[in-house]
Novice: 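I am attaching a structure below and will ask some questions about it afterwards.
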Amino acid sequence: MSRFYVTTPIFYVNDVPHIGHAYPTITADALARWHRMMGDDTMFLTGTDEHGLKIQRAAEENGVTPQDQADTTSKRFRDAWELLDISNDQFIRTTEPRHHVSVQELLTRVKDNGYIEKATYAGHYCVSCEAYYNDGDLVDGDHCPIHERPVEWLEEENYFFKLSSLEKELTEWLTSDTVFPEGKRNEALGIVKLGLEDVSITRTSIDWGIPVPWDEDHVFYVWYDALINYATAVGFGSDSAEFERWWPHAHHIIGKDILRFHCVYWPAMLIAAGLEPPREVHVSGYLLLGGKKLSKTGLTQIAPADLVADFGVDGYRYHFLRDVSFGPDSEFSYESMVTRYNTDLANTLGNLLSRVATVVAKKCDGIGPAPTADSPLAPVAAECYAKAADGWSRFQTSVALEATWFLLRETNAYLEKHEPWKLEAGSLEVADVLGDALEVLRITAILASPALTRASTSIWQAIGLDGSPTDQRLPDAAEWGGYPGGCSVTKGAPLFPRLAVE
RNA sequence: GGCGACGUAGCUCAGUUGGUAAGAGUGCUCGACUCAUAAUCGAGAGGUCGUGGGUUCAAGUCCCACCGUCGCUACCA
């Protein structure tokens with residue numbers, strides 16, 4: 001049995017959940033669900049990032065404490081993930097006591113190992129980014145290039161992390177199979193090749209953060225506190241046996257905007273602390289609207305709940321897992337969501353279940369027959385399973401689902417070829433054809449369950465099986481012949497009612 | 001300026017280490033069917049794999065240049 005520890009970024013609580021947050025979270029969720037079915041020891045973590053100047057100021061503006069501010073927004077993320085059937089094992093918040101202990105412990109180790117020193121830092125600071133900028137990076141003289149707001153001049157005595165002394169170790173780590181896709185690994189490698197400068201990791205200008213244990217005037221800069229959440233959640237600083245169990249099996253899913261932090265700073269911190277860097281980092285692109293970043297389009301105003309209202313949880317999840325190719329930037333469009341829903345979910349899958357259920361009712365008295373061992377669909381199912389498993393293992397969710405749907409299309413063609421609705425009721429041939437189709441529905445319910453958390457169970461029940469698809473164990477459950485026959489097949493309301501094209 | 005990514009059918013994209021006459025879905029055209037959610041099935045049209053060179057028996061897949069889009073980074077200031 002292998003271990004699979006998957007994480008999403010932890011989301012900053014100045015922003016409410018939108019589809020840009022939901023995308024990596026759904027991806028991580030589907031992967032976690034797949035690995036659970038594979039029988040892997042699986043841990044799925046998400047959470048919220050709650051420290052920093054921006055939170056402190058937002059709280060002041062709202063007339064509440066930073067903790068209140070964090071509590072409110074953090075809950076909105078938990079609610080959003082509940083709505084989307086996110087099956088995270090843990091939800092970490094960086095304001096938790098266990099995280100404070102963990103951060104202080106990890107960075108103390110870094111310091112004890114000689115990787116932290118004191119120096120003065122001064123520069124243009126963007127409160128929104130929580131980052132310093134060089135003059136050349138600014139636009140319009142004094143505006144942050146990301147937020148296009150004026151930066152502020154800050155000068156403070158800080159502790160620095162001696163990143164520059166870890167180039168060799170980082171190059172070594174990045175040269176192995178660690179960052180995906182490969183292009184992103186080269187990008188990270190490029191950052192290291194250009195030469196690394198030591199980075200400031202503490203602040204004295206604010207107090208909404210985790211105190212530096214060896215100097216009470218300082219708190220850790222929010223980024224360095226945030227990264228450590230991945231270690232905290234699996235027991236660093238609190239449960240060494242648990243930490244041993246999960247680390248370094250981490251698979252981080254991130255957006256390309258935080259590549260530098262996850263592919264350079266984070267592994268460097270771990271190495272400096274005498275720990276192993278994460279196993280893998282998977283970098284996704286941006287969701288775009290009209291070729292522009294989500295954050296610049298107003299699309300962040302679209303709450304997942306709005307789309308769930310139109311497409312259902314399954315429709316929402318399926319669209320992002322199937323239509324977004326993990327890695328490159330991806331164009332978001334409502335129209336393509338409608339198309340995908342209608343063709344794959346309503347037509348290919350939903351309609352297949354409907355027609356099979358109807359014919360079983362008419363020709364087999366509603367009792368689903370067993371499949372045939374030598375069905376021509378058996379090798380197709382085996383190949384689709386292999387491709388799907390490969391897709392899931394490479395974080396290529398769209399590849400995995402495309403492979404799964406191929407089996408459904410072949411099954412529709414198989415029905416067309418044998419026309420069971422024209423055959424004699426109760427005949428052997430009609431039982432064979434319908435048994436094969438039901439077997440495909442059983443296998444598909446399992447293979448699609450990481451995406452279709454609800455419909456997969458509906459299909460399972462409609463073809464008369466007990467339990468649920470998520471209780472099945474792969475790869476055995478995907479073997480042809482698992483449908484026992486003799487089950488009562490029921491035709492319910494359409495699984496995915498077609499959506500009118502607007 | 002330096003480094004890097006990307007550029008494959010109208011659209012969205014697969015193409016793992018170079019090798020069967022370029023793939024899928026969707027869209028479009030034609031035909032079939034009517035069990036089914038006006039669903040399904042079949043056939044077809046549609047690509048100089050950004051452009052131009054090069055390496056090789058063989059390149060979408062490697063090398064160089066250029067064009068386009070984007071990113072990281074530097075300097076001048």
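Lettering of chains follows the sequences in order, A, B, ..., and the numbering in each one begins at 1.
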Novice: Using atom P in both nucleotides, what's the gap between B:rU51 and B:rG7 to the nearest angstrom?
Specialist: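 Rounded to whole Å, the distance is 13 Å.
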Novice: Nearest whole Å is fine: how far is B:rC41 P from A:Leu408 CG?
Specialist: 10 Å
Novice: Please give the distance between the P atoms of B:rU37 and B:rA45 as a whole number of Å.
Specialist: 34 Å
Novice: Between B:rC41, B:rU37, B:rG15, which one does the side chain of A:Glu416 approach most closely?
Specialist: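 Nearest nucleotide to the side chain: B:rC41.
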Novice: If the C1' atom of B:rC13 is compared with that of B:rA58, how far apart are they to the nearest Å?
Specialist: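 So the two C1' atoms sit 27 Å from each other.
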Novice: For B:rC35, does OP1 or OP2 lie under 4.0 Å from any side-chain N or O of A:Ser354?
Specialist: no
Novice: Donor-acceptor pair, A:Thr490 side chain versus A:Gly492 backbone, under 3.5 Å?
Specialist: no
Novice: Grab the CZ-P distance between A:Phe326 and B:rG15 for me, whole Å please.
Specialist: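 So the CZ-P distance, A:Phe326 to B:rG15, works out to 14 Å.
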Novice: If you measure only the distance, is there a donor-acceptor pair under 3.5 Å linking the side chains of A:Asp436 and A:Thr372?
Specialist: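 Their side chains do contain a donor-acceptor pair, which is all the 3.5 Å distance test asks for.
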Novice: Answer with base, sugar-phosphate or nothing: what part of the nucleic acid does A:Pro328 contact at a heavy-atom distance below 4.0 Å?
Specialist: sugar-phosphate
Novice: Please state whether the phosphate of B:rA39, meaning OP1 or OP2, lies under 4.0 angstrom from any side-chain nitrogen or oxygen of A:Arg498.
Specialist: yes
Novice: Let me confirm one number: the CG-CZ distance from A:Asp40 to A:Arg3, rounded to the nearest 0.5 Å.
Specialist: 10.5 Å
Novice: Which whole number of Å gives the distance between the P atom of B:rA65 and that of B:rC76?
Specialist: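 Pairwise P distance, B:rA65 against B:rC76, rounds to 27 Å.
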Novice: In whole angstrom, what separates A:Asn412's CG from B:rA36's C1'?
Specialist: 9 Å
Novice: Roughly how far apart, to the nearest Å, are B:rA59 and B:rU8 at atom C1'?
Specialist: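 Approximately 14 Å lies between the C1' atom of B:rA59 and that of B:rU8.
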Novice: Which nucleotide in the set B:rC13, B:rU37, B:rC35 lies at the smallest distance from any side-chain heavy atom of A:Lys362?
Specialist: B:rC35
Novice: Roughly how many Å apart are B:rA9 and B:rG60, using the C1' atom of each and rounding to a whole number?
Specialist: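 Looking at atom C1' only, B:rG60 and B:rA9 are 14 Å apart.
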Novice: Of all heavy-atom pairs between A:Ile446 and A:Met37, which one has the smallest distance, and what is that distance?
Specialist: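 Distance-wise, the nearest heavy atoms are O-CE, 3.3 Å.
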Novice: Given B:rC33, B:rC35, B:rU37, which nucleotide is nearest the side-chain atoms of A:Glu419?
Specialist: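 Between B:rC33, B:rC35, B:rU37, the one nearest the side chain of A:Glu419 would be B:rC33.
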Novice: Between A:Phe311 and A:His319, does the ring centroid distance fall short of 6.0 Å?
Specialist: no
Novice: What is the nucleic acid contact for A:Gly190, judged by heavy atoms within less than 4.0 Å: base, sugar-phosphate only, or nothing?
Specialist: nothing
Novice: Hey, which sits more toward the 5' end of RNA chain B by its nearest nucleotide, A:Gln396 or A:Asn351?
Specialist: A:Gln396
Novice: Taking only N and O in the side chain of A:Asn342, is any of them less than 4.0 Å away from OP1 or OP2 of B:rU37?
Specialist: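 Checking B:rU37 against A:Asn342, no side-chain N or O comes under 4.0 Å of OP1 or OP2.
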Novice: Pick the P atom in B:rG46 and in B:rG10, then give their distance to the nearest Å.
Specialist: 11 Å
Novice: Please list each protein N or O that sits under 3.5 Å from an N or O in nucleotides 23-29 of chain B, with the distance.
Specialist:
residue, atom, partner, partner atom, Å
B:rA24, O2', A:Glu402, OE2, 2.7
B:rG25, O2', A:Arg340, NH1, 3.4

Novice: I'd like the P distance from B:rG50 over to B:rU16, given in whole Å.
Specialist: 14 Å
Novice: Does either side chain, that of A:Tyr230 or that of A:His262, offer a donor lying less than 3.5 Å from an acceptor on the other one?
Specialist: yes
Novice: Figure out the CD/P separation between A:Glu187 and B:rU73, and round it to whole Å.
Specialist: 10 Å
Novice: Can you check whether A:Lys422 has a side-chain N or O nearer than 4.0 Å to OP1 or OP2 of B:rU34?
Specialist: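 Result: yes.
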Novice: Identify which nucleotide among B:rC35, B:rG42, B:rU37 has an atom closest to any side-chain atom of A:Ala413, counting heavy atoms from C-beta outward.
Specialist: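 The answer is B:rG42, which lies nearest to the side chain.
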Novice: Quick one: A:Glu331 CD to B:rC70 P, roughly how many Å, whole number?
Specialist: 13 Å
Novice: Students often get this wrong, so: under 4.0 angstrom with heavy atoms, is A:Leu415 touching a base, only sugar-phosphate, or nothing?
Specialist: nothing
Novice: Can you tell me if A:Tyr334 and A:Asp310 form a side-chain donor-acceptor pair at under 3.5 Å?
Specialist: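 Distance-only check passes for A:Tyr334 and A:Asp310.
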Novice: For residues A:Trp266 and A:His252, is any side-chain donor paired with an opposing acceptor at under 3.5 Å?
Specialist: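 There is such a pair (donor and acceptor under 3.5 Å, judged by atom type) between the side chains of A:Trp266 and A:His252.
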Novice: Identify which nucleotide among B:rG15, B:rU37, B:rU40 has an atom closest to any side-chain atom of A:Arg355, counting heavy atoms from C-beta outward.
Specialist: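 It is B:rU40.
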Novice: Do the numbers put A:Arg185 on top of the ring of A:Phe180, so that NZ or CZ is under 6.0 Å from the six-membered ring centre and no more than 45° off the axis?
Specialist: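 Yes, A:Arg185 sits over the ring of A:Phe180.
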Novice: When all nucleic acid strands are considered with a 4.0 Å heavy-atom cut-off, which category describes A:Lys491: base, sugar-phosphate, or nothing?
Specialist: sugar-phosphate
